[in-house]
There are 2 protein chains.
Amino acid sequence: MTTDGRRATIADVAREAGVSTSTASVVFSGKVNVADATRERVLAAAESLGYAGPDPRAASLRTGRSGIVGVLLGGELRHAFLDPVTTVMMDGLADALADDSVGLLLLRDDPREGEAPPIADAPVDAVVLIGCSTRIRPALDAVRRRGLPVVVIEGDAGADFPQVTLNNREASAEIAEHLFQLGHRNVATITLPLAEDRSRLALTEERVAAATVDVALDRLAGFRHVYPDAPGVSSAGSLVDEGIHSARMLLADADGRLRDDRPTAIVAQSDLLAVGAIRAAEELGLRVPDDLSVVGFDGISADGLGSQRLTTIAQPALAKGRAAGEQISRMLAGEPGESVHFTCTFRAGETTASPPRDVADRVTPQPRGR
Amino acid sequence: MTTDGRRATIADVAREAGVSTSTASVVFSGKVNVADATRERVLAAAESLGYAGPDPRAASLRTGRSGIVGVLLGGELRHAFLDPVTTVMMDGLADALADDSVGLLLLRDDPREGEAPPIADAPVDAVVLIGCSTRIRPALDAVRRRGLPVVVIEGDAGADFPQVTLNNREASAEIAEHLFQLGHRNVATITLPLAEDRSRLALTEERVAAATVDVALDRLAGFRHVYPDAPGVSSAGSLVDEGIHSARMLLADADGRLRDDRPTAIVAQSDLLAVGAIRAAEELGLRVPDDLSVVGFDGISADGLGSQRLTTIAQPALAKGRAAGEQISRMLAGEPGESVHFTCTFRAGETTASPPRDVADRVTPQPRGR
DNA sequence: TTGTACGCGTTATCAA
DNA sequence: TTGATAACGCGTACAA
C-alpha cells in the first residue's frame, strides 16, 4: 500500500528500491539476469509496500496472453459436472494442458437471442467447445473473429476448425448388430436429448427432424441402420433417473403393467441411461438379460449396476480430452491444429442374451403346438 | 482487419466511422445513449473492419474487473470432477453466480515450493477455495495481498475470511452414536485422505498427528468421541474403489480370509467409500446389514448400491456452494462477506442393523451355554 | 546490468 | 449526444 492509499504498482516498488520500473519488472518476471543485490532491494521494497506482484490484467494486456483456456459447455454447468464422460474429458484436457500451466475457464454456451455469447468477452487464449449442439455458430463466429485457436469436441463445426470426433454412427450400428445377431427383432432405443429443450418424449419423425444435437442423431442413425423402424424415447438427459423413466415408457403401460408388445432389448445411448433401464426392468419384474437385453454407450465404469457388467461400446473419453488439449497446446505454440478421430470399442458384458423363447407368442399371438 | 494487417481496434473503428473513440466505446458497452444514426455508422465500420468487439484484456485493465471467479481446488482437477460433493457444490456456486454472469476459473492449488501459487497471476475478481487442506496459507496470503474477495469452503482459514462450514465433527458423532445405540461395540472407520500424499494406510496416532486435512480430522474426531479406540484405515481418495480396498483391510487378512476380530460396523467418511465397503463385504460373503452395518457421509444419491438405501448423514452440498456464491456476489457488490454454517441431517437407510448375535462369541471366545 | 520511453486497447471524466 | 484526454499497470526494444 502506498502512502496515499493506492494499491502499490511496480512503479512504486521501483521508486522505493531506487531502480527503474523495467528493472523491477524484470525481477518479477525473472526473464533477465539481475544483480543479486538489486533483486534483494526490489523484493524488500515490494515487501514493505505490500506489493502483490504484477497485475495479471495489465500483464495480459501487454503480452497478449492470459493463461486461460475457455471451455464452452453446452447446457447447464451442473449437467456437465454430472456427466461422467464430460468430466473424464475435462480431466484429459486439464492433463494435456498442465504443462502450459493454464487455467480452465468454464463457460456456459447459452445462445440467448441478441446477446453476445459469453465467450466474446472472456480473456482467453484459446477455446474448447464440448458437447455443444448445432447451434454453436454464434460462439464459433465470435471465436473466429477474435482469431482464437479453437478445438471442437463432437460438434458440427465444418472443416474449418480442428475437431475431435468419434465414430458415433458406426459404433451404434455395431452394437445394434450385436443384438441383431443374438436374434432380437423387437428392439427399442433411448436417446440422449435431441434438442436444447431436453424433454422426455416418444420418438417421432417430426421430433427427429427437429433435433439439433449431432451426437444423439448420429447414434440414432447407426441404430436405425440395423433397426429402421424401431420405437424409442428421447431422454431429458444422460442420467440414471432418465433411463428409469424412459424405460418405463417403453416397457409398461401408464398404469405400470408390462406391455405385451414390449421390446426384447433396449439400446441406450449412454451407460447411465442403460443403468436406469436395467433398474426399471428389475422393478417391473424383468430379469436382465433373460427377459430383457440392455446395452449402453460410453464404457464408463458405470456404478449402480451391482456386479453385473454392462454390455456397451466404449469411447476413449480421456484420450479425447487429452487430444483436444494437445491440439490447443500446439496452436498456442503457433503450429496448426489438426482434427483427431477416435473410434469406439465393443465391450461384451452380462446384460445381453438371446431373446426369451416365448417372445414370438407374445408379440404376435399364434396357435401353440404348431 | 486494418489495411496494415493489424487486428482492428476500437480506435480504427472510430476513425472509420468518423467518431471519437469514446463514442465508439460507448456503442459497444451500451452504457450511454447514442444517437441511432451514430450507432449504425459505428457498427457498420466495425463490421467492415472485422472488429471483434472490445478486447477483454484491455477492458479488464481499465475497469479493474475480469468477470472471472477463481475456484481453487485442492488436489488434482480430475479428482474434483470425480467427487460428487464437489461437483454439486460447484453446481450451486455456478448457480448463485449466474446472475453476475461470471465465469468460473478452475485452478489447482498445488503449493510447489518456492513458486507463487497459480492464483497469484490469474485475472480473477474473487476466489473460492474448495476442499483445500491446511496448507492453504500461501494461496490465502496471495489472495489477501491482492485484496480479492475470498470465501473458504471447509478449510481452516481463521476468522479473517468468510467461510462456509459444516458441523463435520458433531455430524460424525451423531452417526457413530446411531451405531452405538444399535449395540455395536467393535466398529472401524475409513477416513478421507489425511494428507496430501493420499496413501491408503492403517490409522496410527502418528499418522493422525501428521494429518493436514481438516475435514477428515474433524470427522474422525466426532467418530472417536463415541469410539475412542476404534481401528481404521485412511483411504487414498473418496472413491468406491478405495472403499473396497480399505474395507478389505478391515475385514479380511492378507490372504482374503475373514478376520475373526473384524468389526460389526464400518463408518465411512464419504458415501462413495461406504458403497465400496458394502461391495467389499458382499464379495467376502457378508450380508449388509445382517453381518455388517455400514454408514456413509454426504448424502449424495449414491449410485452403485442397487436398491439399498445407504444410512448416512447428509450435507447440504448444493446449499454450501450456493452460499459461497452468494457471499462472493455480495462482496463483488462491495458489501462485507459473512461466514455461513451448515449442519448435516441424519438419514436412516437400510445398511445398518444390530450386530449379529454370535458376535460376542466371535470376538472374545467364551464358553457357550453360559 | 540498468534506465528511458513508449504502446498495449480500453474506459471514465469532464467539458462542449 | 459527442469529443478530447488521461489514466489503467505493465513489458520490452533500445540505448547507455
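Naming convention: chains lettered A, B, ... in sequence-line order (proteins, then strands); numbering from 1 in each chain.
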Which part of the nucleic acid, if any, lies within contact of [X], taking any heavy atom under 4.0 Å across all strands shown: a base, the sugar-phosphate backbone alone, or nothing?
X     : answer
A/I10 : sugar-phosphate
A/T38 : sugar-phosphate
B/V26 : nothing

Which whole-number value in Å describes the distance from [X] [atom1] to [N] [atom2]?
X     : N      : atom1 : atom2 : answer
A/L49 : D/dG9  : CG    : P     : 14 Å
A/E40 : C/dT1  : CD    : P     : 15 Å
B/R65 : C/dG9  : CZ    : P     : 24 Å
A/F28 : D/dG11 : CZ    : C1'   : 14 Å
A/L61 : D/dA7  : CG    : P     : 17 Å
B/R57 : D/dG9  : CZ    : P     : 18 Å

Phosphate OP1/OP2 of [N]: any [X] side-chain N/O under 4.0 Å:
X     : N      : answer
A/S20 : C/dG3  : yes
A/S22 : C/dG3  : no
B/Y51 : C/dT10 : yes

* Do any N or O atoms from the side chain of A/S60 and from the backbone of B/R57 form a donor-acceptor pair under 3.5 angstrom? ->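 Here the side-chain-to-backbone pair does not exist.
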
* Check ion pair A/K320-A/E154 (N to O, under 4.0 angstrom) ->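 The answer is yes: the pair qualifies as a salt bridge.
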
* Does the distance from a Lys or Arg side-chain N to an Asp or Glu carboxylate O, for A/R146 and B/D55, drop under 4.0 Å? ->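 Looking at B/D55 together with A/R146, the answer is no, because their closest N to O distance does not fall below 4.0 Å.
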
* Compute whether any side-chain donor of one residue and acceptor of the other, for A/S20 and A/T23, lie under 3.5 angstrom apart. =>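 Their side chains do contain a donor-acceptor pair, which is all the 3.5 Å distance test asks for.
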
* On DNA chain C, check which nucleotide each of A/V19 and A/R62 is closest to and give me the residue with the more 5' one. =>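 Per heavy-atom nearest nucleotide, the more 5' residue is A/V19.
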
* Report the residue (A/T21 or B/V34) whose heavy-atom-nearest nucleotide on DNA chain D is the more 5′ of the two. =>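 Final value for this comparison: B/V34.
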
